[in-house]
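Structure, as structure tokens:
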Amino acid sequence: MLSEKVVCNSHGQDSSYFLGWEEYEKNPYDEVKNPKGIIQMGLAENQLSFDLLESWLEKNPQPMAFRNHNNQSIFKDLALFQDYHGLPAFKNALVKFMSEVRGGSVNFDPNNLVLTAGATSANETLMFCLANPGDAFLLPTPYYPGFDRDLKWRTGAEIVPIQCSSLNGFRITKSALEEAFKQAEKQNLKVKGVLVTNPSNPLGTSLSLHELDLLVNFISSRNIHLVSDEIYSGTVFSSPSFISIMEVLKNKNLMNTEIAKRVHVVYSLSKDLGLPGFRIGVIYSNDERVVSAATKMSSFGLVSSQTQHLLSEILSDQNFTKTYLSENRRRLKERHEMLVGGLKKSGIGCVPSNSGLFCWVDMRHLLSSNTFEGEMELWKKIVYQVGLNISPGSSCHCSEPGWFRVCFANMSEETLDLAMQRVKSFVDLMPKQNIQSYHQKLMNRNSRRTKSLPKWVFELSFHQREIVANER
Amino acid sequence: MAFLAENQTLLSKIATSEQHGENSPYFDGWKAYDQDPFHLTENPNGVIQMGLAENQLSLDLIENWVAKNPKSSICTKDGVSQFKDIANFQDYHGLYEFRKAIANFMGKVRGNKVAFDPDRIVMGGGATGASESLMFCLADPGDGFLVPTPYYPAFDRDLRWRTGVQLAPIICKSSNDFKITQKALESTYENAIASNIRVKGLIIANPSNPLGTTMDKETLQTLMRFINEKNIHLVCDEIYAATIFNTPEFVSISEVLQEMEQDPTNRVNRELVHIIYSLSKDMGLPGFRVGILYSYNDHVVSCARKMSSFGLISSQTQLFLASILSDEEFIDGFLSESSKRLAKRHLTFTQGLEKEGITCLASNAGLFVWMDLRTLLKKPTFDEEMELWRLIITDVKLNVSPGSSFHCDEPGWFRVCFANMDDQTVEIALKRIHVFVNKGRKHDRTTMNNKKRKSFQKNLRLSFSSRLYDEAAMMSPRTIMSPHSPFALSPLVQART
């Protein structure tokens with residue numbers, strides 16, 4: 001009666017990632033009205049810098065009122081504007097902004113830019129352009145749960161994980177890439193490309209130069225695509241600074257080559273500017289056929305002209321964007337430190353991170369058993385007893401149980417503080433024999449580590465960071 | 001060679017196919033327009049765009065409302081405090097105020113004979129996005145949908161391109177004003193089944209694009225009985241619902257469903273009925289991408305809602321529309337005035353055409369007329385239609401849409417839009433048609449070779465210079481124009497910061 005898509009579960013919304021949201025909806029925390037409610041820490045939103053935007057709007061009321069900066073009404077033109085090439089003023093401002101976010105290290109051509117209704121639509125559209133039903137894309141784990149829906153659901157594409165390990169900070173390795181490719185072949189899946197999120201969701205780390213090099217070499221030798229979802233590029237708040245894949249291509253003199261044509265960037269203003277409601281997504285490609293096909297497909301999800309106009313005015317104000325980017329980063333850094341510090345007091349560590357709106361938190365020592373059942377058990381306790389909605393690693397396809405993504409930028413300082421207190425109380429009350437000492441665990445892991453993997457695997461990540469820091 | 005072949009498979013089949021349909025002549029007219037767009041003062045001899053079904057007649061009313069209601073755009077001091085919540089709002093259920101306002105508006109447009117449930121309102125990226133999502137929900141790749149001809153050209157893209165769905169045309173004829181007959185319905189269905197196509201449903205546009213006519217209740221009831229009998233879906237694209245400017249009144253499928261359900265002997269299953277809607281035509285706001293999917297089927301609502309993630313309406317736009325649509329007084333006034341202006345424009349245009357001996361299908365809705373130029377064809381073939389069409393573009397300098405691009409079964413019909421220009425431009429267009437038709441009459445009246453067609457052809461021979469062929473051959477776009485872009489001279493497109 002209905003299509004397969006209705007009856008199947010590939011939209012992924014039965015996953016625990018969304019169940020936590022449902023629980024939160026039933027009992028949401030409110031400082032005044034529901035102080036015992038569940039605190040939402042599963043939402044990667046940037047609510048820290050709205051005041052900057054609000055004050056800009058107060059000083060510049062024209063764009064919201066459908067007026068240009070000469071205060072003339074352009075309502076009619078906007079109302080009628082549905083050209084899928086997008087508003088030129090907006091695209092021009094957008095490419096300048098994207099360049100600014102990358103410290104001016106790369107320039108983008110507005111003609112290679114396609115506007116879509118959010119990064120959700122951008123990612124799906126790219127899949128429609130690059131993969132046939134049954135083709136596969138390789139994704140490093142852990143990855144954003146929404147990819148299961150965005151990349152696979154209506155496109156029929158498959159995801160094959162590139163298994164990353166906590167032993168080296170979840171960095172992408174050559175062997176992991178090759179292993180993933182082999183796995184795909186075993187399943188008779190044709191690999192069309194690799195998709196990475198840089199900075200990473202859920203890790204909060206930006207890809208190292210070494211990893212980026214690996215990726216370029218890998219896609220080059222296998223003649224496949226590389227999609228770099230750089231939606232968090234403006235949230236990099238500490239070193240190492242962000243390196244875009246486009247910068248790597250430029251530095252390797254690969255621009256204008258066939259390889260560059262297979263590299264595509266996805267972007268959005270949902271995280272950097274905190275505007276998820278406005279549905280502003282971007283596909284950037286050096287391949288004009290991809291740009292052409294994606295542009296036509298964007299008909300299914302264009303950006304409202306009203307919104308294009310508003311953002312073109314905001315982003316054209318380079319004084320504002322400069323101030324915003326630096327202040328936003330500063331606040332994110334502060335908030336990040338608060339979370340990391342607060343968790344540390346409870347004996348809980350995170351993967352060291354420099355970006356994103358969340359931390360990848362290590363709660364393995366709190367598991368009753370080193371299994372995903374154990375993880376679910378712990379997660380339920382955290383949701384119902386501690387009153388925090390955080391995202392279990394399994395929903396991000398992490399290969400190891402015990403990791404959780406915890407967001408820090410979608411709430412007030414007071415709420416974050418309260419959340420940390422609740423965690424402390426929870427941990428303090430846990431029966432001591434259930435918690436191996438944090439250091440004991442670390443030592444156990446270290447000894448296992450030296451037996452199973454060569455040292456250079458994890459030395460490399462620190463070494464590369466040094467190099468990058470020096471380059472800037 | 002091998003490298004090329006390798007490159008061909010680098011992109012998906014969907015990306016490299018022509019199924020987006022943008023190489024159809026429907027879009028060629030835009031290209032001609034793009035190269036030489038009419039402007040009253042700056043380019044008075046340019047091509048007048050009459051291939052764009054836009055409603056520009058009543059935007060001033062909305063613009064005035066905006067000026068009087070600054071809070072709707074969150075730009076007053078009070079309004080700015082709402083900014084944070086709106087900017088953050090990405091819930092795919094959509095703003096409740098927005099859904100409620102849309103539901104009320106839809107009811108109003110249907111004379112409040114039916115009420116719509118805000119919880120069944122699902123957002124889409126324009127009707128384009130909503131239609132595609134609905135196909136994804138109702139059909140698997142290879143499944144078929146029946147669609148009466150002539151139909152909106154972009155259905156070929158919207159319903160088929162990425163979904164893999166097939167369309168089986170129900171041929172409608174001018175002899176009965178292109179109405180759907182039971183016979184045509186049945187035979188199309190049987191043929192599809194015989195071709196091993198699993199038919200999942202029927203899609204209609206009511207009011208019709210390109211006909212500009214509304215379906216009568218009997219036809220709608222026939223369709224309801226048919227789909228229930230075959231247990232297939234009925235998708236009604238009612239995007240032109242509020243462009244009715246004359247009797248007969250609009251009858252929505254929702255009204256027919258409601259009535260038929262009251263009689264249990266009718267055995268109708270409401271879960272088979274779905275409506276596509278948008279504010280692009282009724283309110284003239286295509287830029288805001290307001291697509292609506294309304295389904296009486298809970299599973300479809302649920303699934304389509306998840307899919308709406310791929311084309312949510314900007315929350316900024318949702319808020320604005322919730323605000324304006326809730327202003328009942330304004331909306332009542334708008335709907336009535338818009339209807340009046342459309343009626344007047346339609347009358348002016350059809351009367352102007354009649355003076356030249358050109359008739360159109362009698363219509364009571366839409367932003368266009370279905371013009372009958374069969375008598376101007378040398379032979380009733382689609383090649384002749386194309387020749388005539390190229391002549392109209394190059395000599396008369398009007399971008400009209402040839403019936404073949406709408407999959408019309410009979411050559412000689414053209415869709416001509418009348419609501420996307422001001423009064424002066426309409427006059428100029430009519431003058432040009434006058435000149436063209438009279439030029440033709442002055443020429444040699446040799447009889448046609450094919451005696452069979454004498455009965456419906458005047459003895460006219462069109463004048464066309466040999467340069468016609470050169471121009472047609474050279475007609476290549478300087479830039480690929482979006483089929484939806486209103487005019488190259490839009491200050492928004494010209495603006496460079």
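Keep in mind that this is a model prediction, so the values were computed, not measured. In what follows, chains carry the letters A, B, and so on, assigned in the order in which the sequence lines appear, proteins first and then strands, with residues in each chain numbered from 1.
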Task: Portion of B/Lys13 that has a non-hydrogen atom of chain A nearer than 4.5 angstrom - done: both
TODO: Quick one: which of B/Ser315, B/Pro286, B/Ser302 has the most heavy-atom pairs under 4.5 Å with chain A, could you say?
DONE: B/Pro286
TODO: Drop me the distance from B/Leu321's CG to A/Ser304's OG, to the nearest 0.5 angstrom.
DONE: 8.5 Å
TODO: For side-chain contact (heavy atoms from CB on, under 4.5 Å), just list the numbers for B/Glu63 and A/Phe66, CA-CA rounded to whole Å, side-chain angles, deciding distance to a tenth of an Å, and then say yes or no.
DONE: CA-CA 9 Å; B/Glu63 194 172 25; A/Phe66 303 96; over 6 Å; no
Task: Residues, nucleotides or ligands: over 12 heavy atoms within 6.0 Å of A/Lys261 NZ - done: no
Task: Backbone of A/Leu2 reached by a side-chain donor or acceptor of B/His233 within 3.5 Å - done: no
Open item on the list: Is the shortest side-chain heavy-atom distance between A/Phe278 and B/Thr317 below 4.5 Å?
Closed with: no
Open item on the list: Are A/Arg279 and B/Gln90 packed together at the side-chain level, in the sense that at least one heavy-atom pair is separated by less than 4.5 angstrom?
Closed with: yes
TODO: Examine whether an atom of A/Asp150 lies under 4.5 Å from a heavy atom of chain B, and if so say whether it belongs to the side chain, the backbone or both; otherwise answer neither.
DONE: both
TODO: For the residue pair A/Ser299 and B/Arg157, establish whether any side-chain heavy-atom pair is separated by less than 4.5 Å.
DONE: yes
Open item on the list: Just so I know, are the side chains of B/Arg162 and A/Phe300 near enough to count as touching, which here means a heavy-atom distance under 4.5 Å?
Closed with: yes
Task: Nearest-0.5 Å distance that lies between atom CG in B/Asp143 and atom CD in A/Glu4 - done: 9.5 Å
Task: Inter-residue atom distance B/Tyr92.OH - A/Thr120.OG1, 0.5 Å rounding - done: 12.0 Å
TODO: Verify whether one side chain among B/Ser314 and A/Thr307 offers a donor that lies under 3.5 Å from an acceptor in the other.
DONE: yes
- [ ] Please examine the side chains of A/Met297 and B/Ile14, heavy atoms only from C-beta on, and report whether any two atoms are closer than 4.5 Å.
- [x] yes
Task: B/Ser133 and A/Arg154 side chains, donor-acceptor separation under 3.5 Å - done: yes
TODO: Return the option, out of B/Leu285, B/Asn88, B/Leu138, B/Thr163, with the maximum number of heavy-atom pairs under 4.5 Å with chain A.
DONE: B/Asn88
- [ ] Measure A/Glu45 against the heavy atoms of chain B and call it side chain, backbone, both or neither at under 4.5 Å.
- [x] side chain
Open item on the list: Looking at every heavy atom in both B/Gln56 and A/Leu80, which two are closest together, and how far apart are they?
Closed with: CD-CD1, 3.4 Å
Open item on the list: What part of B/Met307 gets within 4.5 angstrom of chain A, counting heavy atoms only: side chain, backbone, both, or neither?
Closed with: both
TODO: Measure the CE-OG distance between A/Met127 and B/Ser12 for me, rounded to the nearest 0.5 Å.
DONE: 10.0 Å
TODO: May I ask you to decide if A/Ser3's main-chain N or O and B/Asp140's side chain share a donor-acceptor pair within less than 3.5 Å?
DONE: no
Open item on the list: Using side-chain heavy atoms (C-beta onward) and a distance below 4.5 Å, is B/Phe83 in contact with A/Leu275?
Closed with: yes
TODO: Under the side-chain contact (heavy atoms from CB on, under 4.5 Å) rule, what do A/His225 and B/Leu11 come out as? Steps first, then yes or no, please.
DONE: CA-CA 9 Å; A/His225 296 274; B/Leu11 301 186; 4.0 Å; yes
- [ ] Give the member of B/Lys200, B/Gln318, B/Glu271 that has the highest number of heavy-atom pairs under 4.5 Å with chain A.
- [x] B/Lys200
Open item on the list: Among A/Ser298, A/Pro133, A/Cys129, A/Ala293, which residue has the highest count of heavy-atom pairs closer than 4.5 Å to chain B?
Closed with: A/Cys129
Task: For A/Phe50 against B/Ala87, the heavy-atom pair lying closest together - done: CE2-CB, 3.9 Å
Task: Contact class of B/Phe136 relative to chain A, heavy atoms under 4.5 angstrom - done: both
- [ ] Calculate, to the nearest 0.5 Å, the distance between atoms CG and CE belonging to B/Leu319 and A/Met64 respectively.
- [x] 8.5 Å
Open item on the list: Would you say that A/Arg149 contacts B/Lys306 through its side chain, given a criterion of any heavy-atom pair below 4.5 Å between the two side chains?
Closed with: no
TODO: Look at B/Ala67, B/Gly126, B/Cys137 and state which one has the largest set of heavy-atom pairs under 4.5 Å with chain A.
DONE: B/Cys137
Open item on the list: In terms of relative ring orientation, are A/Trp153 and B/Phe310 parallel, tilted or perpendicular, with 30° and 60° separating the classes?
Closed with: tilted
Open item on the list: As an exercise: rank A/Pro63, A/Ala117, A/Ala79 by heavy-atom pairs under 4.5 Å with chain B and give me the winner.
Closed with: A/Ala79
Open item on the list: Please classify the contact between A/Ile280 and chain B as side chain, backbone, both or neither, with a heavy-atom cut-off of under 4.5 Å.
Closed with: neither
Open item on the list: I need the A/Trp21 CH2 to B/Asp91 CG distance, nearest 0.5 Å.
Closed with: 8.5 Å
- [ ] Of all the heavy-atom pairs spanning A/Asn223 and B/Leu10, show the shortest one and how long it is.
- [x] O-CD1, 3.5 Å
Task: Heavy-atom contact with chain A under 4.5 Å, split by part of B/Ile313 - done: backbone
Task: Interchain contact, B/Asp158 with chain A, by part (heavy-atom threshold 4.5 Å) - done: both
TODO: Mark yes or no for whether A/Ser121, through its side chain, and B/Gly311, through its backbone, hold a donor-acceptor pair below 3.5 Å.
DONE: no
